**Student:** 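Mind looking over this structure? Questions follow.
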Amino acid sequence: MSSIWDPLSLHPPSHSDALKVSFPQEHAMLMTLNRPRHLNAMTPQLTSDIASILNWFDDESSLWVVVVTGEGRAFCAGADLKAWLHNQTSGNANEQEGVLSSVHGFASISRRRTSCKPMIAAVNGSAYGGGVEMILNCDIVIASEDAVFALPEVKRGVMAAQGVIPRLAKVAGHQLASEMLLLGNTVTAVQARDRFRFVNVVVEKSAVVPTALDIARQMAINSPDSVQSSKEGLLLAQKHHFEEAVQTHALSFTSKRLYHGANIKARREGLAAFSERRKPRWSNPAKL
């Protein structure tokens, strides 16, 4: 299917026990939030761990897709509200500067727009606040049938400020986004799929991670150059008007790598495989 895959050669950065990192199949990384007793609520240490791992993942050419899930009965309960309260009472909180200085947003995921590698959310349970912000920035979302989603910030006197407001407005439309953001009520996985349109597939709880990994496998069958360039095109479509997005994408580094890289220019792998009636054997993309 692809270039030689050796997970033993992968050496991710050191991280705390609050995050589990594994490589369950070819070209895929599984990242599991591991604070089940705290419903995987986010902490500064866990955010730092995720940032370090994802930066390494982006630079590791043999890894083509990442799946994010949670340990236990929750995907992510959002921010650690007790820590937030402590910062407020101690005078250490400065939320506005925090939003501006947080380059990749909540958990280093909610505003991460620099990576062209696909990210799949495997939502194993409840997702609140920042957990929903993370999910809305993933490319594909698989949810357990008992998963629930909520943006309850308005019930706590705070705000969902790490990217979910413009993204939910675009995905669901103004009125439905208002329903989630201004009421703060929970929605079911089926509602998130059929009404709010930010969930792709709803499955049994036991099938959430296997389904996400199967989608990752389907992605890895395709040319990684093509997949990553296509994702970049989607990101550019959110930034530019139609023609500007098309032209910017055509001149981008990922497009240059696609049309001049080993998979098409040197080996013409996809076209040759089609002609020879065999499965393509893709090589890892060159580093950008």
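On a predicted model such as this, the values are computed, not experimentally measured, just so you know. Sequential numbering from 1 along the given sequence is applied to the chain's residues. What you see below is based on every heavy atom in this structure, not just the backbone, and it leaves out hydrogens, waters and symmetry mates.
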**Student:** State whether a side-chain donor-acceptor pair under 3.5 Å links Glu179 with Gln175.
**Tutor:** no
**Student:** Would you mind listing every side-chain hydrogen bond (donor to acceptor under 3.5 Å, both in side chains) that reaches into residues 128-146, with sequence neighbours excluded?
**Tutor:**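 For residues 128-146, and leaving out neighbouring residues, the side-chain hydrogen bond (donor to acceptor under 3.5 Å, both in side chains) pairs sorted by first residue read Arg113-Asn137, Asp139-Lys231, Ser144-Asp146.
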**Student:** What is the distance from atom NE2 of His260 to atom CG of Asp225, rounded to the nearest 0.5 Å?
**Tutor:**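 The NE2 atom of His260 sits 12.0 Å away from the CG atom of Asp225.
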**Student:** Could you go through the side chain to side chain contact (heavy atoms under 4.5 Å, CB included) check for His104 and Thr114 one step at a time?
**Tutor:** CA-CA 9 Å; His104 295 306; Thr114 56; 3.6 Å; yes
**Student:** Please identify each residue that fulfils side-chain hydrogen bond (donor to acceptor under 3.5 Å, both in side chains) with Ser223, with sequence neighbours left out.
**Tutor:** Ser226
**Student:** Look up atom NE2 in His27 and atom OG in Ser62, then write down how far apart they are to the nearest 0.5 Å.
**Tutor:** 7.5 Å
**Student:** Write down the atom of Pro285, the atom of Trp64, and the distance for their closest heavy-atom approach.
**Tutor:**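 So the two residues come closest at CD-NE1, 3.7 Å.
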**Student:** So, the side chain of Lys117 versus the backbone of Phe57: is there a donor-acceptor pair under 3.5 Å, distance only?
**Tutor:**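 Checking the backbone N and O of Phe57 against the side chain of Lys117, a donor-acceptor pair under 3.5 Å is found.
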**Student:** Side-chain heavy atoms nearer than 4.5 Å, only ILVMFWY residues, links allowed to pass through others: does that put Leu213 and Val66 together?
**Tutor:**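 The answer is no; the residues belong to distinct hydrophobic clusters.
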**Student:** Count the heavy atoms of every other residue, nucleotide or ligand shown that sit under 6.0 Å from CD of Gln238, and state whether that count exceeds 12.
**Tutor:** yes
**Student:** Side-chain donor-acceptor pair under 3.5 Å between Thr32 and Glu71, yes or no?
**Tutor:**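 Looking only at side-chain atoms, Glu71 and Thr32 do not form any donor-acceptor pair under 3.5 Å.
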**Student:** Hey, is the main chain of Ala51 close enough, under 3.5 Å, to the side chain of Asn55 for a donor-acceptor pair?
**Tutor:** yes
**Student:** Ignoring hydrogens and geometry, is there a side-chain-to-backbone donor-acceptor pair from Thr47 to Thr43 under 3.5 Å?
**Tutor:** yes
**Student:** Taking all atoms of both residues into account, what is the closest heavy-atom pair of Val65 and Met219, and its distance?
**Tutor:** CG2-SD, 3.9 Å
**Student:** Do Phe196 and Val123 sit in the same hydrophobic cluster, where Ile, Leu, Val, Met, Phe, Trp and Tyr count as joined when their side-chain heavy atoms come under 4.5 Å apart?
**Tutor:**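 Yes, it is one cluster - the side chains of Phe196 and Val123 are joined through contacts under 4.5 Å.
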**Student:** Please say yes or no: joined through hydrophobic side-chain contacts below 4.5 Å, possibly via intermediate residues, are Val227 and Val68 part of one cluster?
**Tutor:**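 No, no single cluster joins them.
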**Student:** Return the CG to CG distance between Asp59 and Leu63, rounded to the nearest 0.5 Å.
**Tutor:** 10.5 Å
**Student:** Quick one: are Leu181 and Glu153 in side-chain contact, heavy atoms under 4.5 Å?
**Tutor:**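 No; the side chains remain at least 4.5 Å from each other.
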**Student:** Do any N or O atoms from the side chain of Asn200 and from the backbone of Ile140 form a donor-acceptor pair under 3.5 angstrom?
**Tutor:** no
**Student:** Give a yes or no on whether Arg37 atom CZ has more than 12 heavy-atom contacts from other residues, nucleotides or ligands under 6.0 Å away.
**Tutor:** no
**Student:** Before giving the answer on salt bridge (charged side-chain N to carboxylate O under 4.0 Å, His left out), spell out for Arg112 and Asp58 the whole-Å C-alpha distance, their side-chain angles and the decisive distance to 0.1 Å.
**Tutor:** CA-CA 11 Å; Arg112 181 175 285 267; Asp58 283 342; 3.4 Å; yes
**Student:** Hey, does Cys138 have a side-chain heavy atom less than 4.5 Å from the side chain of Phe198?
**Tutor:**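 Phe198 vs Cys138: side chains apart.
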**Student:** If hydrophobic clusters are built from ILVMFWY residues whose side chains come within less than 4.5 Å, do Ile165 and Leu176 share one?
**Tutor:** yes
**Student:** For the pair Arg73 and Ser126, evaluate side chain to side chain contact (heavy atoms under 4.5 Å, CB included) and give the outcome as yes or no after the intermediate values.
**Tutor:** CA-CA 7 Å; Arg73 61 189 178 92; Ser126 55; 5.8 Å; no
**Student:** Between Trp56 and Met29, is there a side-chain heavy-atom distance shorter than 4.5 Å?
**Tutor:**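 Touching, per the 4.5 Å side-chain cut-off.
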**Student:** Look at the side chain of Arg167 and the backbone N and O of Ser110, then say whether any donor-acceptor pair between them is shorter than 3.5 Å.
**Tutor:** yes
**Student:** Dump the intermediate steps for side chain to side chain contact (heavy atoms under 4.5 Å, CB included) on Val21 and Leu30, then the final yes or no.
**Tutor:** CA-CA 6 Å; Val21 178; Leu30 176 62; over 6 Å; no
**Student:** Would you compute the distance between atom CG of Leu136 and atom CD1 of Ile109 and round it to the nearest 0.5 angstrom?
**Tutor:**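 Result: 12.5 Å between the selected atoms.
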**Student:** Find the distance between CD (Glu60) and CG (Asn284) and round it off to the nearest 0.5 Å.
**Tutor:** 8.0 Å
**Student:** Should the heavy atoms of other residues, nucleotides or ligands under 6.0 Å from CG of Asp17 be counted, would the total exceed 12?
**Tutor:** no
**Student:** Are Phe253 and Val246 connected in a single hydrophobic cluster, I mean Ile/Leu/Val/Met/Phe/Trp/Tyr linked by side-chain heavy atoms less than 4.5 Å apart?
**Tutor:** no
**Student:** For Glu244, does its backbone N or O pair with a side-chain atom of Thr248 as donor and acceptor, under 3.5 Å?
**Tutor:**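 Confirmed, Thr248 side chain pairs with Glu244 backbone.
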**Student:** Measure the CD-OG distance between Gln228 and Ser115 for me, rounded to the nearest 0.5 Å.
**Tutor:** 7.5 Å
**Student:** Nearest heavy-atom pair of Gly184 and Ala150: which atoms, and what distance?
**Tutor:** O-CB, 4.3 Å
**Student:** Is there a donor-acceptor contact under 3.5 Å from the side chain of Arg193 to the main chain of Val201?
**Tutor:**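 No, the answer is negative, given that no donor and acceptor are paired below the 3.5 Å cut-off.
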**Student:** Could you tell me whether a side-chain N or O of Ser178 sits under 3.5 Å from a main-chain N or O of His174, the two making a donor and an acceptor?
**Tutor:** yes
**Student:** Please determine, by modelled atom types, if Arg217 and Gln25 share a side-chain donor-acceptor pair under 3.5 angstrom.
**Tutor:**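 Absent: no donor and acceptor within the cut-off.
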**Student:** Would you say the rings of Phe75 and Phe149 are close, in the sense that their centroids are separated by under 6.0 Å?
**Tutor:**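 So the answer is no for these two rings.
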**Student:** Around atom NZ of Lys205, are there more than 12 heavy atoms of other residues, nucleotides or ligands at under 6.0 Å?
**Tutor:** yes
**Student:** Verify whether one side chain among Thr254 and His249 offers a donor that lies under 3.5 Å from an acceptor in the other.
**Tutor:** no
**Student:** Grab the two heavy atoms, one from Leu19 and one from Leu33, that are nearest each other, plus how far apart they are.
**Tutor:**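 Answer, listing the atom of Leu19 first, then Leu33: CD1-CD2, 4.1 Å.
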**Student:** Between Trp282 and Asn222, is there a side-chain donor-acceptor contact under 3.5 Å, judged purely by atom types and distance?
**Tutor:**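 No, no side-chain donor-acceptor pair sits under 3.5 Å.
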**Student:** Tell me if a side-chain donor or acceptor on Ser22 pairs with a main-chain N or O of Pro24 at a distance below 3.5 Å.
**Tutor:**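 Not a single qualifying donor-acceptor pair exists.
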**Student:** Is there a side-chain contact between Cys76 and Met42 in this structure, where contact means two heavy atoms from C-beta onward sitting under 4.5 Å apart?
**Tutor:** yes
**Student:** If every non-hydrogen atom of Val67 is compared with every non-hydrogen atom of Ala212, which pair is closest and at what distance?
**Tutor:**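 Smallest heavy-atom distance, with atoms named: CG1-CB, 3.8 Å.
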**Student:** Using a strict threshold of under 4.0 Å (side-chain N to carboxylate O), is an ion pair present between Asp49 and Lys20?
**Tutor:**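 A salt bridge is absent here (no side-chain N lies under 4.0 Å from a carboxylate O).
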**Student:** Is there a side chain to side chain contact (heavy atoms under 4.5 Å, CB included) between Met31 and Ile50 once you walk through the steps?
**Tutor:** CA-CA 8 Å; Met31 193 167 63; Ile50 294 170; 4.0 Å; yes
**Student:** Shortest non-hydrogen contact from Ala127 to Val132?
**Tutor:** O-CG2, 3.4 Å
